[in-house]
*Asks:* 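Take this structure, written in structure tokens, and hold onto it; I'll ask about it next.
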Amino acid sequence: METGFGFIDYAVFAAYAVLILGVGLWVSRDKEGEQKNAEDYFLASKSLPWWAIGSSLIAANISAEQFIGMSGSGFALGLAIASYEWMAAFTLIIVGKYFLPIFIEKGIYTIPEFVEKRFSTNLKTILAVFWIALYVFVNLTTVLYLGGLAIETILGIDMMYAIIGLALFSAAYSLYGGLSAVAWTDVIQVIFLVLGGLITTYLALNTVSDGAGMWEGMKTVYNAAPERFVMILDKSNPEYMNLPGIGVLVGGLWVANIYYWGFNQYIIQRTLAAKSLPEAQKGILLAAFLKLLIPFIVVIPGIAAYVMVNDIEIMTRLGDVAKENLPGIGTADRAYPWLLHFLPAGLKGLAFAALAAAIVSSLASMLNSTSTIFTMDIYKQYINPQADDKTTVNVGRISGGAALLIAVIMAPLLGGIDQAFQFIQEYTGIVSPGILGVFLLGLFWKKTTNKAAIWGALASIPIALFFKIGPKGWIEGDMFPVLPWMDQMGYTTLLTMLVIVVLSLMQNKGENDAKGIPLSKEFFKTNQLFNIGSFIILTLLAVAYAFFWK
């Protein structure tokens, strides 16, 4: 079996690239006699239908850290990592019912803009700078690195050239066309992503069963590694510190999910561009259904790779090709690229197109949101408040290009990180609890004051560092046990919210804040379609956890 691409694989991938660039540039074009304004560029003219919103949410979310990182975590620890995806489905329902009505009613462009309306310009600026730094130095950089790693592993192209190629591909249409180009191409990207991922899963399981089919392969994998199909890990599991048992369902994973899906600009921006609130909520439902599917196309292949690598009979049958770029302890993120070697001609190109779609769509989304925050919350606030639409759009394009250039330079420096998905979650978790605390109280507790929110956000960093560094350093002992980082996030959020509550009560003596949001039960009413869809999703989640509990 050949490890490289054949002509048909290159042809399939080239067709994908031409299709994406063609559609992206076509929807980016200026209509005759019209110039793009800020709403056109940053919010796709507020015209996105539900199916484009749902597709774009998933395309923005599923990237190299899922295809590469979660497959690597599937290889290293098993199906338990799927909690990120399945609990996200639950989280999306909460976001659609309780957060979106407020955001859309406020008519905002960015999440920092909401902070300004609820709190102050100072807090908005603090968070805007934080998000720009996070997107450039963590998100963009990591996606480029993992994408470059995949291309280097699969095609043998030097990682630096692969990173530059991915950057140029995503920039080609996203910087020019804005959110409209990103969202409409995401519809195509999701088709490639899901189809290519399912094909890879099928063929991996079929390979395990020696051609007896996917279900036989699934039985073989389950019987060979039953410990890899446990959703709730106990303390004896070596990966317990990453996924701390029942704490995954009732603890810090809620912090990561609600922060990501509710207050993350490059995610929530799609819903802000909806035609209406019900349209945005239907898009949320579609994304939640797709999240239930994602573990089967990113985690199961990683588990299959684990079984293949540890089965002498399978490795003998696969021959010498199986020994190249072999995943193992410390190199778990090689699992998905390694599996692509075993796909037949044509399908290998399709699976690689799926991986590229995941990478490029996320890069495009992050670029668009980084430029949106910089332009609307920094440039128009402090540099040129009177900027016209043409200048605003051009600044968006330039700032996105600058962010991408920095990420390209930084990406190769991430070499050697194992299980990159866990790396992203852990280090984002230092700052996300404080932001989540500020937002939850700001949205739903009218007594929350601006000063308390600022002090709470600032205090959350030393609190998080205390849990992360302190117990393992100068005060280690029974009184301060080393906690799983997910539990650290949960406790940091609760303590941050306590700081904000106490300071708010001290400042306003129990009175409502002048900028508190008046809410009523009527505000959160949802239609029958949303309610039925939510019930189906929650039922499927309950069944999945009951089946894979232990």
*Asks:* Side chains of Met489 and Phe467: does their closest heavy-atom pair fall under 4.5 Å?
*Replies:* no
*Asks:* Please examine the side chains of Tyr545 and Leu540, heavy atoms only from C-beta on, and report whether any two atoms are closer than 4.5 Å.
*Replies:* no
*Asks:* What is the distance from atom OG1 of Thr492 to atom CD1 of Ile430, rounded to the nearest 0.5 Å?
*Replies:* 9.5 Å
*Asks:* Going by atom types alone, do Tyr260 and Thr91 pair a side-chain donor with an acceptor below 3.5 Å?
*Replies:* no
*Asks:* Could you check whether atom CD1 of Ile312 has more than 12 heavy atoms from other residues, nucleotides or ligands sitting under 6.0 Å from it?
*Replies:* no
*Asks:* Going by side chain to side chain contact (heavy atoms under 4.5 Å, CB included), Ser361 matches just one of Val190, Ile62, Asp186. Which one?
*Replies:* Asp186
*Asks:* Is a donor on one side and an acceptor on the other found under 3.5 Å between the side chain of Gln281 and the backbone of Gly96?
*Replies:* yes
*Asks:* What do the steps show when you test Thr372 against Gln269 for side chain to side chain donor-acceptor pair (under 3.5 Å), and what is the final call?
*Replies:* CA-CA 9 Å; Thr372 302; Gln269 191 166 344; 3.2 Å; yes
*Asks:* Are Phe13 and Tyr16 an aromatic pair, judged by ring center distance below 6.0 Å?
*Replies:* yes
*Asks:* Between Trp261 and Ile268, is any pair of side-chain heavy atoms under 4.5 Å apart?
*Replies:* no
*Asks:* Kindly say whether the aromatic ring centers of Trp254 and Phe90 come within a distance under 6.0 Å.
*Replies:* yes
*Asks:* Could you measure the distance from the CG atom of Leu350 to the CD1 atom of Ile199? Nearest 0.5 Å is fine.
*Replies:* 4.5 Å
*Asks:* Can you give me the closest heavy-atom contact between Ala89 and Ile537, atom names plus distance?
*Replies:* CB-CG2, 4.1 Å
*Asks:* Would you say Ile111 and Trp131 make side-chain contact, with heavy atoms under 4.5 Å?
*Replies:* yes
*Asks:* Hey, is CZ on Phe548 packed in by over 12 heavy atoms from elsewhere, all under 6.0 Å?
*Replies:* yes
*Asks:* Once rounded to the nearest 0.5 Å, what's the spacing between atom CD1 of Ile359 and atom CD1 of Ile163?
*Replies:* 10.5 Å
*Asks:* Has Ser71 got a side-chain atom pairing as donor or acceptor with Ala335's backbone, closer than 3.5 angstrom?
*Replies:* no
*Asks:* Is the closest side-chain heavy-atom distance between Tyr135 and Thr141 below 4.5 Å?
*Replies:* no
*Asks:* For the pair Thr493 (side chain) and Gly434 (backbone), establish whether a donor and an acceptor sit closer than 3.5 Å, ignoring hydrogens and angles.
*Replies:* no
*Asks:* Working to the nearest 0.5 Å, report the span between CH2 of Trp50 and OG1 of Thr271.
*Replies:* 16.0 Å
*Asks:* Under 6.0 Å between ring centres, would you say that holds for Phe263 and Phe99?
*Replies:* yes
*Asks:* Check the pair Leu57 / Ile284 against side chain to side chain contact (heavy atoms under 4.5 Å, CB included), numbers first and verdict last.
*Replies:* CA-CA 8 Å; Leu57 282 169; Ile284 285 279; 4.1 Å; yes
*Asks:* Closer than 3.5 angstrom, by distance alone: can the side chain of Asn206 be matched with the main-chain N or O of Ser209 as a donor-acceptor pair?
*Replies:* no
*Asks:* Ser460 side chain to Ala457 main-chain N or O, any donor-acceptor pair under 3.5 Å?
*Replies:* yes
*Asks:* Specify the closest pair of heavy atoms between Gly437 and Met497, including all atoms of both residues, with the distance to one decimal.
*Replies:* CA-CG, 3.6 Å
*Asks:* Could you walk me through whether Leu92 and Phe289 pass the side chain to side chain contact (heavy atoms under 4.5 Å, CB included) test, one step at a time?
*Replies:* CA-CA 10 Å; Leu92 278 163; Phe289 274 110; over 6 Å; no
*Asks:* Ser365 and Arg270: side chain to side chain donor-acceptor pair (under 3.5 Å), yes or no, with the steps?
*Replies:* CA-CA 9 Å; Ser365 298; Arg270 279 112 185 89; 2.4 Å; yes
*Asks:* How far apart are the closest heavy atoms of Ala332 and Phe75, and which atoms are they?
*Replies:* CB-CD2, 4.1 Å
*Asks:* To check you understand the geometry: which heavy-atom pair defines the closest contact between Ile81 and Gly74, and what is its length?
*Replies:* CG2-N, 4.2 Å
*Asks:* Between Leu19 and Thr185, is a side chain to side chain contact (heavy atoms under 4.5 Å, CB included) present by the stated rule, with each step listed?
*Replies:* CA-CA 9 Å; Leu19 178 62; Thr185 53; over 6 Å; no
*Asks:* Lys348 vs Val12, test: side chain to side chain contact (heavy atoms under 4.5 Å, CB included). Steps then yes/no.
*Replies:* CA-CA 9 Å; Lys348 190 181 297 183; Val12 169; over 6 Å; no
*Asks:* With a 4.5 Å heavy-atom cut-off, do Phe137 and Met410 have their side chains touching?
*Replies:* yes
*Asks:* Work out which heavy atom in Leu100 is nearest to a heavy atom in Ala280; give both atom names and the distance.
*Replies:* CD1-CB, 3.9 Å
*Asks:* Whether the side chain of Arg317 engages the backbone of Thr207 through a donor-acceptor N/O pair (distance < 3.5 Å, no angle test) should be reported.
*Replies:* yes
*Asks:* Roughly how far, to the nearest 0.5 Å, is the OG atom of Ser56 from the CG atom of Leu286?
*Replies:* 11.0 Å
*Asks:* Do side-chain atoms of Gln488 reach the backbone of Leu483 as a donor and acceptor pair under 3.5 angstrom?
*Replies:* yes
*Asks:* Is it true that the side chains of Tyr84 and Asn257 contain a donor and an acceptor less than 3.5 Å apart?
*Replies:* no
*Asks:* Flag the pair Asp9 / Leu343 as yes when at least one side-chain heavy-atom distance between them is below 4.5 Å, and no otherwise.
*Replies:* no
*Asks:* Given side chains that start at C-beta, do those of Leu203 and Pro344 come closer than 4.5 Å, heavy atoms only?
*Replies:* yes
*Asks:* Between Ser170 (side chain only) and Ala167 (backbone N and O only), is there a donor and an acceptor less than 3.5 Å apart?
*Replies:* yes
*Asks:* Roughly how far, to the nearest 0.5 Å, is CH2 of Trp549 from CD1 of Ile232?
*Replies:* 4.5 Å
*Asks:* Is it true that Tyr306 and Asp311 share a donor-acceptor pair across their side chains at a distance under 3.5 Å?
*Replies:* no
*Asks:* Specify the closest pair of heavy atoms between Val182 and Ser174, including all atoms of both residues, with the distance to one decimal.
*Replies:* CG2-CB, 3.7 Å
